[in-house]
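All remarks here apply to the structure that follows.
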2 protein chains.
Amino acid sequence: MIKRAKGVTISQVAEAAGVARSSVSRAFTRPDMLSPETVTRIMKAAEALGYVPNHTARALSTGRHGNVGLIVPDIANPFFPPMIQAAQIEADRSDFCIFLGNTEENPKQEDKLVSRFAGQVEGLVLASSRLSDERIRAHAGQLPLVLINRDLDGIPRVLIDSGSGVREAVEHLARLGHGKIVYVSGPSTSWSNKQRRSAVRAAASSLEVQVETVPAVLPSYNSGRNAVGAILATGATAAIAFDDLTAQGVLAGLAEKHVSVPGDFSLIGCDDVLGAMTYPALTSVSNRSMEAGRVAVSLLLDMLQSRAIRDVRYVLETHLVVRNTTAAPR
Amino acid sequence: MIKRAKGVTISQVAEAAGVARSSVSRAFTRPDMLSPETVTRIMKAAEALGYVPNHTARALSTGRHGNVGLIVPDIANPFFPPMIQAAQIEADRSDFCIFLGNTEENPKQEDKLVSRFAGQVEGLVLASSRLSDERIRAHAGQLPLVLINRDLDGIPRVLIDSGSGVREAVEHLARLGHGKIVYVSGPSTSWSNKQRRSAVRAAASSLEVQVETVPAVLPSYNSGRNAVGAILATGATAAIAFDDLTAQGVLAGLAEKHVSVPGDFSLIGCDDVLGAMTYPALTSVSNRSMEAGRVAVSLLLDMLQSRAIRDVRYVLETHLVVRNTTAAPR
DNA sequence: CTGTTAGCGCATTCAT
DNA sequence: ATGAATGCGCTAACAG
């Protein structure tokens, strides 16, 4: 049986140091209000007793518990881990802890998590929320909220603009000499998909390159792989896929059909979640999920500090990252 | 400016319902102690006022705050998200919330996180801890702890036995006719790495195949890629990598050097986190991280409930998943 | 600068 | 079955 340390309290430290409890409290929160000698004396006593401030008691007294929540739809989607990591680091810088919630793409679960988190966090970041506008606004009435990839007036939000990067992708292909390309689309209900598809079309038409759309339905490896037949049937010489996972599937499908990349066919992904981890290394549109996480938390902490809600709309531009899956057509 | 709801307290509900505060408290925690009528009356009043129990106050009073912590070395490593997700679901089943910590493979950061979490969680799951045995035992003295992939006597632990799968991997290679293989190792402080390396050696020696070890330091794509030179220099015809990420890096490095897989060289990964998403599809040792997460949390919650620490050692076996990166040597 | 006094919101004796 | 009183550990006025 392992012995568990009991909690030594502020009172014991006070007694040991021969001061009042409030002085001990001050020594830890506002040392500048005390004379340096007493601070050191208190600290020494605290150290000797192994005193550790009780987070919960402090939270009850101050109403601030130094936690923020982060809720994502699917932690297993490689888009999110970098975001979570960045959020964590940013929170850490201000001595905040992150509560992580995973909704599994389920609005009900998301609603439940928000309620459960409220009361133990000072604020919340909702990433790619699947909730209705109404629910989000309702929650925003309960506690400070920051949105990622959701554009609601009056609620601070950080948006990743994949349009800019997709435009660069089309320009890149046009410059290489591709006259006909295909866009391998993602989920029809996805805001990102709409944004990307229309960006492809707009850029293509102004550059006089033809575009066809091939649906992949789900953003996944298998969808991409299954789409290869349809892609090649269009006679296009290049493709831009909804995301990297889809692109990776397309890449594998092309390899199976002995279509060499980038020799016979050029391919571009989106979100750049694979890094250079495919072979050949995938040209992709950068993803800013890391910055999004960092900025969202930073924004939230600002809100908490200033006790005010500013109507921030922080847009992160994306860019094309050229690697080895794009070249001039034969 | 959005209006934020103020916290309605137990007292207000009590007054509205015409009962004592303690009755309201009971209505929420021990309804059986009250007459059904008063319970419903209280509940109605609570509902009307929008009362929500204050988690922090309850925690201070009871010492139980319904949170458990989960600390992982690298959330971006695809090994962990499924584990985190499963842990979350399991915690959720008992109305517990998960605090997630990411150490970035840094023992100091891990130490810091543990201290920071202690005091707001009732217990902790340490996954693939990079801490020394001493530090872990020290922390175990402070709060209930469950380990994943770390084998310390007296501390409840769930171990993914990659040994069984690795053994199958070596047998598979031996059967194909490989006489010399290399093990591409992971972090030296990793329990899994030690286990895998010794499993490779044991199996190889009993099958009379030669083994050399090439270090990759970090479990990452780049480490694997950088190790390719050393791997080929050994003259081996096959490799088993510490994990899939490393293997993927090796795969890319081999492709760059125009070494065809599996024609010229066979490769096996570990953890099977990539599914069939590489090309060629990677042969790998199955991973049980999901079960590990679920079981670890379940164990922890059991400990919390029974207030006792049992010396549990839960072992999950693994197996080889044969795909397309292994074949007979030329 | 430092001690005294009240709470923070709730759970939990102890009465009744 | 219910009310009154006390305390969880700490912070925050308010004095001095």
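In what follows, every chain begins at residue 1, and chains take the letters A, B, ... in the order their sequences are listed.
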### Task
Ignoring backbone atoms, establish whether S35(B) has a side-chain N or O less than 4.0 Å from OP1 or OP2 of dT2(D).
yes
### Query
Where the side chain of A20(B) is defined as all heavy atoms beyond and including C-beta, which of dT4(C), dG9(D), dA4(D) is the nearest nucleotide?
dA4(D)
#### Entry: First encountered from the 5' end of DNA chain D, between P36(B) and V52(A)
P36(B)
### Query
Do the side-chain N or O atoms of S25(A) get closer than 4.0 angstrom to the phosphate oxygens (OP1, OP2) of dC10(D)?
no
### Query
Does T62(B) make a side-chain N or O approach to OP1 or OP2 of dA11(C) shorter than 4.0 Å?
no
### Query
Roughly, in whole Å, what's the span from CD in E15(B) to P in dG3(D)?
13 Å
## Note on the structure
To the nearest angstrom, the CD1-P distance between I10(A) and dG3(C) comes to 12 Å
### Task
Given side-chain contact (heavy atoms from CB on, under 4.5 Å), test R150(A) with D133(A) step by step and report yes or no.
CA-CA 9 Å; R150(A) 187 73 178 253; D133(A) 290 4; 2.8 Å; yes
### Task
Indicate, with a heavy-atom threshold strictly under 4.0 Å, whether V19(B) touches base, sugar-phosphate, or nothing.
sugar-phosphate
### Query
Separation of R26(B) atom CZ from dC10(C) atom P, in whole Å?
15 Å
### Query
Donor-acceptor pair under 3.5 Å: do we get one between S22(B)'s side chain and the base of dA11(C)?
no
#### Entry: A57(B) or L34(B), whichever maps to the more 5' nucleotide of DNA chain D
L34(B)
### Query
When the distance from CZ of R58(A) to C1' of dC10(D) is rounded to whole Å, what number comes out?
8 Å
### Summary
Regarding the side chain of M33(A), the nearest nucleotide among dG7(C), dT2(C), dC10(C) is dT2(C)
### Query
Bend across the helix from dC1(C)-dG16(D) to dT16(C)-dA1(D), to 10°, with axes taken over 5 pairs at each end?
40°
### Aromatic plane relationship, F99(A) with F99(B) - under 30° parallel, 30 to 60° tilted, over 60° perpendicular
tilted
Give every donor-acceptor pair under 3.5 Å between a side-chain atom in residues 80-91 of chain B and any protein atom, sequence neighbours left out.
{"from": "Q88(B)", "atom 1": "NE2", "to": "L100(A)", "atom 2": "O", "distance (Å)": "3.0"}
{"from": "E90(B)", "atom 1": "OE1", "to": "R93(B)", "atom 2": "NE", "distance (Å)": "3.4"}

### Task
Whole angstrom is fine here: how far is it from CD in Q12(B) over to C1' in dC8(C)?
13 Å
### Query
Starting at OH of Y51(B) and ending at C1' of dG9(C), how long is that distance when rounded to a whole Å?
8 Å
#### Entry: Closest to side chain of S23(A), choosing from dC10(D), dA11(C), dT2(C)
dT2(C)
### Query
Just checking T29(A): base, sugar-phosphate only, or nothing, at a heavy-atom cut-off of under 4.0 Å?
sugar-phosphate
### Query
Would a 4.5 Å heavy-atom cut-off, applied to side chains only, mark R41(B) and V19(B) as touching?
yes
### Task
For M43(B), look at atom CE and say whether over 12 heavy atoms of other residues, nucleotides or ligands are found less than 6.0 Å away.
yes
### Query
Tell me: CD of E37(B) to P of dT2(D), nearest whole Å?
8 Å
### Query
Are there more than 12 heavy atoms of other residues, nucleotides or ligands under 6.0 Å from atom OH of Y314(B)?
no
### Message
I need the L126(A) CG to L145(A) CG distance, nearest 0.5 Å.
### Response
5.0 Å
#### Entry: Atom-to-atom span, CG of L60(A) to P of dA11(C) - whole angstrom
12 Å
### Task
State whether T38(A) places a side-chain N or O below 4.0 Å from either non-bridging phosphate oxygen (OP1 or OP2) of dT2(C).
yes
### Task
Could you tell me whether the side chains of N102(B) and Q109(B) share a donor-acceptor contact shorter than 3.5 Å?
no
### Message
Let's see if you can work this out: which of dC10(D), dG7(D), dT2(D) has an atom nearest to the side-chain heavy atoms of S61(B)?
### Response
dG7(D)
